[in-house]
Amino acid sequence: MTPLTTTPEPQQVRGACPHDCPDTCALVTTVENGVALRVQGNPAHRHTDGALCTKVSRYAERSYHPERLLTPLRRSGPKGSGRFEPVGWDEALDDIAQRLQAIAARDPQAILPYSYAGTMGLVQGEAMAGRFFHRLGASLLDRTICASAGGEGLVQTLGGKVGMKVEHFARSKLILIWGSNSIGSNLHFWRLAQQAKREGARLVCIDPRRTETADKCHEHIALRPGTDAALALALMHQLITHGWLDHGYIERHTLGWEGLRERALQWPPERAAEVCGVPVQQIVDLARAYGTTKPAAIRLNYGMQRVRGGGNAVRAIACLPALVGAWRDPAGGLLLSASGHFPVQRAALQRPDLLAGRAARTINMSTIGDDLLRETSPGFGPKVEAVIVYNSNPVAVAPESGKVVQGFEREDLFTVVLEHFQTDTADLADYILPATTQLEHWDIHTSYGHTDVLLNRPAIAPVGQARTNTDIFRALAARLGFDEPCFADDDLTLCRTAFGDAVDFQQLLDQGFATLNLPEAPFADGQFPTASGRCEFHSARLAAKGEDGLPDHLPNFEAFGSSTQFPLAMISPPARNFLNSSFVNVTSLRDIEGEPLLEIHADDAAARGIASGQMVRVFNQRGEYRCKASVSKRARPGVVNGLGIWWRKLGPFGTNVNEVTSQRLTDMGGGPVFYDCLVEVATLPEGA
Ligand code: SF4
């Protein structure tokens, strides 16, 4: 480990949490003699308020983990054998560049980048990587795996991924925490919700799972997965029939009211109760509370949009605040994502102009299992011959992982993985390149849970021979002869480029964060960033595509009750101490989680002779995984919760929950439908 500085006095270095979490905390790393001693929350940053989650409090442990990749590795056995040998950087990069060049000479679209939110940083994410793949003419990747259905639902309704300022939730009087286990995955919002609760607010959790958050709310509405739009439409029905509407706001600031009114009147609470599997009275009471409490706020999160109708569900829910005029107050409205507020100069960072008029095909990351198994065809284009994976672990996180594994196991597929650890995906690589962690590089961050820009400074020198993602792509660009000046930009220049003049970079250097200048109640007077400037209940753009212009409930592909063979609906929320597939290998966090668990309701367990702690198999037509059953009040009847996302090789049988999830896509945005999944659960035969 080479220290960045060798100052004997402890230094405090300001940074930002890179993980896929709405809180985007400001970090302070204490460094002594070039070694990071601890990582803490920055008390000067109001959204962080000095506190980090358990996961990132262990960030120093993660960065110095004994299994950290320290040198480039080259495969030395058959694919998947796990046999690798150390290799020098020059040898590795020369060979990778030659192999990519040979493929690109036939068709560069046979090369596929595969990345997501392993870091949310704009620089170590898609800045230099984007330039490299655009210049190469590689396939484009549609980065859909988490949020694209809900994001598109918001765009169609509000005009962008925009919403309330999170700090104002502290003053709300009613908060619907919808599809969010805030304690586990939005901790700093939860602190605001608790503040509101102390000042008399009512908290209602809407989630199929009885989460830790649901435990601490006044009420929990445990609806079936994929029925959120039905609930939202029934709430509208009640708002209309009881006259709890803000007609002035509707008239001045919305579009398509008559159509929505007609649609909502088709959804009396009795109908929704049947679909959602909740008592009628619960819907009626929620509507009354929402219609009569001011200010009322909705903290929506992405779990609920991982179903066939995810985009429509977000559209329906996003209509609610306009109906009651909640946007008039800074503490009313809705927040799913704030990311659309940030003026990121993506084109300057990623340089799509380097495609130079070439129309590269786009591959959806959520169907990587099928797409790696496709042959060349006129519809698909060239067979994928090379995949460069960075900031992602598709073998663990992509749906229908049996097919994903089969694809990555192809002997004729050339796979390069930039990683911190030898993940399930790295196991199937030809080359594994050691990448820096957030403590070792510059980066700059937006947030989807607040409205501050954060700068991340390197606190320590790269561990081992690790290199930044940007440096790796720069080195490959040089070997491929890409001599455009943009490939010489260093990381600090990229940080400056990310926002241009829109953010005071000196403030970022001095303070570590800068707050966007936004109105406190952004839509109090309408001015939504839609084409009409109104909240669009009816979307002319969707209608022009032949789709329903109004939000509706779309039943799941695998709707509850539609199969006798696979009668249980399964969702796969994150285990509390993991973040997607990050942290699963951090021993202290894995020890807290224990092992892969399936939460199952006592009635469903009894019907199958399953006892708590027993190993079970969870299966459907796509595959099977095995884990331990937890007979738990956290599961509602008919719905099991397969906590994720374990690395396959760290689970007891070398599989994880994505063995059973499907590659079908959402109604909007081409997102995955992880929570639209029917399964059966059975005890394991003796000796299995
Ligand atoms: S994962 Fe979320 S809560 Fe934890 S430190 Fe990062 S941003 Fe903060």
Side-chain angles (χ1 to χ4, degrees), residues 12-30 36 38-63 116-122 124-125 146-147 166-167 169 177 180-195 211-213 299 301-303 335-339 342 391-393 397 420 437-441 443-457 459 512-513 515 573-586 588-590 592-593 644-645:
Q12 305 229 299
V13 182
R14 285 188 294 267
C17 175
H19 288 288
D20 187 0
C21 168
D23 295 22
T24 320
C25 289
L27 309 181
V28 176
T29 303
T30 303
R38 60 190 163 272
V39 178
Q40 295 168 293
N42 185 347
H45 183 240
R46 65 179 166 154
H47 296 297
T48 306
D49 199 18
L52 303 179
C53 62
T54 316
K55 300 173 284 257
V56 175
S57 304
R58 316 278 170 98
Y59 209 80
E61 180 188 345
R62 185 177 183 275
S63 293
Y116 199 66
T119 171
M120 298 289 287
L122 295 169
Q124 305 304 333
C146 181
V166 70
E167 53 269 34
F169 277 91
I177 302 177
S180 169
N181 181 9
S182 310
I183 292 177
S185 55
N186 196 186
L187 187 63
H188 296 80
F189 158 75
W190 177 247
R191 292 160 65 125
L192 298 167
Q194 280 185 303
Q195 194 179 327
T211 59
E212 300 91 326
T213 307
R299 181 62 173 107
N301 212 342
Y302 284 110
L335 177 63
L336 170 58
S337 170
S339 64
F342 291 84
N391 306 332
S392 186
N393 180 10
V397 304
H420 304 144
T437 69
Q438 189 80 341
L439 299 190
E440 300 151 57
H441 55 227
D443 217 326
I444 192 163
H445 289 255
T446 62
S447 171
Y448 58 99
H450 60 67
T451 48
D452 290 357
V453 177
L454 280 83
L455 184 70
N456 185 75
R457 288 172 180 267
F513 52 88
T515 301
R576 182 167 173 181
N577 291 285
F578 304 154
L579 207 159
N580 301 327
S581 78
S582 296
F583 299 101
V584 182
N585 65 320
V586 175
S588 62
L589 294 171
R590 196 168 70 246
I592 301 173
E593 287 299 328
I645 302 174

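Remember, it's 1-based here, ligands and their atoms both numbered in the order they're listed. In this chain, numbering begins with 1 at the start of the sequence shown. Since the model is a prediction, treat every value here as computed from it, not as a measurement.
Counting heavy atoms under 4.0 Å from ligand 1, residue Thr48 does not touch it at all.
Among the backbone and side-chain atoms of Cys21, none of the N, O or S atoms lies under 2.8 Å from atom 4 (Fe) of ligand 1. Look at Cys17 and atom 6 (Fe) of ligand 1: an N/O/S atom of the residue is under 2.8 Å from the metal. Coordination check, His188 versus atom 8 (Fe) of ligand 1: failed, since every N/O/S atom of the residue sits at 2.8 Å or beyond.
In this structure, the side chain of Gln438 engages the main chain of Ala16 through a donor-acceptor pair within 3.5 Å. Asp23 places a side-chain N or O within 3.5 Å of a backbone atom of Leu187 that can act as its donor or acceptor partner.
Between the side chains of Thr119 and Asn391, no donor-acceptor pair of N or O atoms lies under 3.5 Å.
At a 4.0 Å cut-off, not a single heavy atom of Leu187 sits close enough to ligand 1 to count as contact.
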Would you sort out whether Tyr116 and Asp20 count as a side-chain contact (heavy atoms from CB on, under 4.5 Å), showing the intermediate values?
CA-CA 9 Å; Tyr116 199 66; Asp20 187 0; 4.0 Å; yes
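Residue contact check: Val56 has heavy atoms under 4.0 Å from atoms 1 (S), 4 (Fe), 5 (S), 6 (Fe) of ligand 1. Near Cys53, meaning under 4.0 Å from one of its heavy atoms, ligand 1 places the atoms 1 (S), 3 (S), 4 (Fe), 5 (S).
Classified by interplanar angle (parallel below 30°, tilted 30° to 60°, perpendicular above 60°), the ring pair His450/His47 is parallel.
In this structure, CZ on Phe513 lies 9.0 Å from CZ on Arg46, to the nearest 0.5 angstrom.
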